[in-house]
Amino acid sequence: MKSSSPRPVPRWIATKRDGLALAPDVIDAFVEGAADGSIPDYQLSAMLMAVLFRGLTEPELVRWTQAMIASGDTLSLEGIEGFKIDKHSTGGVGDKLSLCLAPAVAACGVRVPMLAGRALGHTGGTLDKLEAIAGFQVALSPAAFRKALRQAGWVIAGQTPKLVPADRVFYALRDATGTVESVPLIASSILSKKIAGGADALLMDVKVGKGAFMPSMAKARELAATIVKLGNAAGLETRAVLTDMDDPLGREVGNANEVAEAIEVLKGEGPADTRALTVALGAQMLLLARTVASVSEGKQAVAKALDDGTAWELFRKGVAAQGGDLRQVDEPSRLPRARRSWVFEAPRGGVVGGIDARRVGLAATVLGAGRSRKEDAVDPGVGITFHVRRGARVGRKEPLCTVWYNDARRLEAARVELDAAFSLDAHAPAPRRLLRGTLS
């Protein structure tokens, strides 16, 4: 129900525009007005732009986040035994880590309830990847969410309409008004959903590099520090790991093909970088859950779960719990695959100095693997398979990657991005540093 009492919204906007702090009751009323629709979009957008330029003080940010949580329902996980930890990524290219981490950490005795998102811009979305599996349901009621978590030890689902509705409004407006990069708005968006989701702790994977929303280390650290401080202040134990996103992660970029790569990792195989980050981030999650005493012990536990088949079995159990077709995960060749393929060959010889993750993400998006607008449909079968990685020496005409596509016009647009993505140099580049730092 919309509020009938008038609000002096222009005065509130002017307060923030002039760099002054908003009073707690003003923040409450503003967020409430966003959630119930009583404040129009143009005023909401003006305030978001003022926050982008002026920021929020720590007390303002805490109150803003609390108001967003209070704008809707919260998900109770009481009655479900065990420590419960969520994990969130700020968005990357080829980032299928959630699909690997959830069952692997669950196999180590920790419950993993994840609220995930969809692809937007050049980054992929965990929900889109999972929906490449026929029948997999990501829109779960609270009861179905809890049931899946009990059955498999992990669950990955989307935000329900009643969970933090103010965030839905702000998120859509930020994307349309150029205010996505605001650190306090990003932090409050993530933390409000995670706190409302009922977990005991949160591991943040903050991507940094060409394919990240925060390409500079300084901005990535600022975002990580803000999320950690805000989460801990709100009672959600939070740790952040900064990971590299200059190059895509793993061999596959897309939806169904990333599911296939995740399955390889869950069977103890897969690309070295995808496995290494699964083990490293899984160890941090176990540390937060206090089931291990050190990073080394955590890594050993996660690696064992991947190698002995327990992570794979829990993945199958979780897919079944959410309605997914087990025939497709048992035989990944049954997953969707585009009708056509094209091999991108090296225009000259040299050493692969790097593969620009943002360019690759844009190429995958124009193929149909992602979306430029929230209402765009996603094609689960299109994507890119890499045959070489950073540091590889290649000859002229040697295959660099295979592009899976259904639309020739989309392929032409993707080729433009891939032409600019590969760097062919005379000398080997510096080794890739997957882990860039940890904040807690």
Side-chain angles (χ1 to χ4, degrees), residues 1-3 7 9-10 12-17 21-75 88-91 115-121 123 125 127 158-197 202 204 213-214 219 222-223 226-227 230-231 233-234 236 371-375:
M1 180 182 295
K2 295 184 178 181
S3 173
R7 298 182 175 105
V9 181
W12 300 345
I13 296 170
T15 297
K16 179 49 59 182
R17 178 202 65 196
L22 299 170
D25 61 329
V26 169
I27 293 174
D28 292 345
F30 182 79
V31 173
E32 178 187 13
D36 67 20
S38 59
I39 299 179
D41 284 356
Y42 60 85
Q43 289 183 320
L44 297 176
S45 300
M47 178 66 85
L48 295 178
M49 188 62 73
V51 170
L52 173 74
F53 282 112
R54 293 295 193 172
L56 294 173
T57 65
E58 185 176 336
E60 283 181 293
L61 181 53
V62 170
R63 188 61 174 240
W64 185 286
T65 305
Q66 291 171 340
M68 288 176 66
I69 296 168
S71 72
D73 296 342
T74 57
L75 181 61
H88 186 80
S89 168
T90 55
L115 292 176
R118 297 191 177 277
L120 189 64
T123 64
L127 300 183
Q159 179 184 358
T160 66
K162 293 183 179 180
L163 193 76
V164 197
D167 178 66
R168 287 179 172 272
V169 176
F170 290 148
Y171 187 89
L173 288 174
R174 285 167 52 215
D175 184 53
T177 58
T179 54
V180 170
E181 293 81 6
S182 167
V183 167
L185 294 179
I186 293 173
S188 60
S189 174
I190 293 171
L191 265 301
S192 61
K193 293 192 289 285
K194 298 305 181 182
I195 295 167
L202 169 68
M204 275 299 307
F213 283 117
M214 295 292 173
K219 291 297 289 183
E222 179 188 354
L223 175 59
T226 301
I227 290 174
L230 180 60
L236 179 68
R371 52 175 65 82
S372 299
R373 300 171 301 170
K374 296 189 77 168
E375 61 268 24

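- For I195 against A234, the heavy-atom pair with the smallest separation is CD1-CB, 3.4 Å.
- Shown here are the side-chain hydrogen bond (donor to acceptor under 3.5 Å, both in side chains) partners of T179, two or more places apart in sequence or in another chain: T177.
- Taken from CZ in R63 to CG in D25, the straight-line distance is 7.5 Å, to the nearest 0.5 Å.
- Pairing each heavy atom of L163 with each of L115, the nearest pair is CD2-CD1, 3.5 Å.
- Note that NZ of K194 is 9.5 Å distant from CD of Q159, once rounded to the nearest 0.5 Å.
- In terms of heavy-atom proximity, S182 sits nearest to V51 at OG-CG1, 4.1 Å.
- Counting only heavy atoms from C-beta outward, the side chains of L191 and L202 approach each other to under 4.5 Å.
- From I27, atom CD1 reaches atom CD of E32 across 14.0 Å, with rounding to the nearest 0.5 Å.
- Contact annotation: the side chain of T90 never approaches that of M214 to less than 4.5 Å [non-hydrogen atoms, C-beta and beyond].
- Remark: of the listed residues T65, T226, I227, I69, T65 is the sole one forming a side-chain contact (heavy atoms from CB on, under 4.5 Å) with S188.
- Closest of all the heavy-atom pairs between L52 and G178 is CD2-O, 3.9 Å.
- Interatomic distance, NZ of K162 versus OG of S71, reported as 13.0 Å (0.5 Å rounding).
- Considering only residues two or more places apart in sequence or on other chains, S89 meets the side chain to side chain contact (heavy atoms under 4.5 Å, CB included) condition with K87, D95, D205, K207.
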(Q) Assess the residue pair R7 and Q43 against the criterion (side chain to side chain contact (heavy atoms under 4.5 Å, CB included)); give the C-alpha distance rounded to whole Å, side-chain angles, the decisive distance to 0.1 Å, and a yes or no. (A) CA-CA 11 Å; R7 298 182 175 105; Q43 289 183 320; over 6 Å; no
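- Judged by distance alone, the side chain of R371 and the main-chain N or O of R118 form no donor-acceptor pair under 3.5 Å.
- We find that K16 and E60 are joined by a salt bridge, their nearest charged nitrogen and carboxylate oxygen being less than 4.0 Å apart.
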Q: For D73 and T160, run side chain to side chain contact (heavy atoms under 4.5 Å, CB included): C-alpha distance rounded to whole Å, both residues' side-chain angles, the deciding distance at 0.1 Å, then the answer.
A: CA-CA 9 Å; D73 296 342; T160 66; over 6 Å; no
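- Across A35 and P165, no two heavy atoms sit closer than the pair CB-CG, 4.4 Å.
- Here CZ of R17 is found 14.5 Å from CE of M49. Values are rounded to the nearest 0.5 Å.
- Contact check for R174 versus I186: side-chain heavy atoms found under the 4.5 Å cut-off.
- D167 and S192 get closest at one heavy-atom pair: CB-OG, 4.4 Å.
- Under the 30°/60° scheme for interplanar angles, the aromatic rings of F30 and W64 are found to be tilted.
- No donor-acceptor distance shorter than 3.5 angstrom exists from the side chain of S45 to the backbone of Y42, with no hydrogens or angles considered.
- Within the 4.5 Å cutoff, side-chain heavy atoms of L48 are placed close to those of F170.
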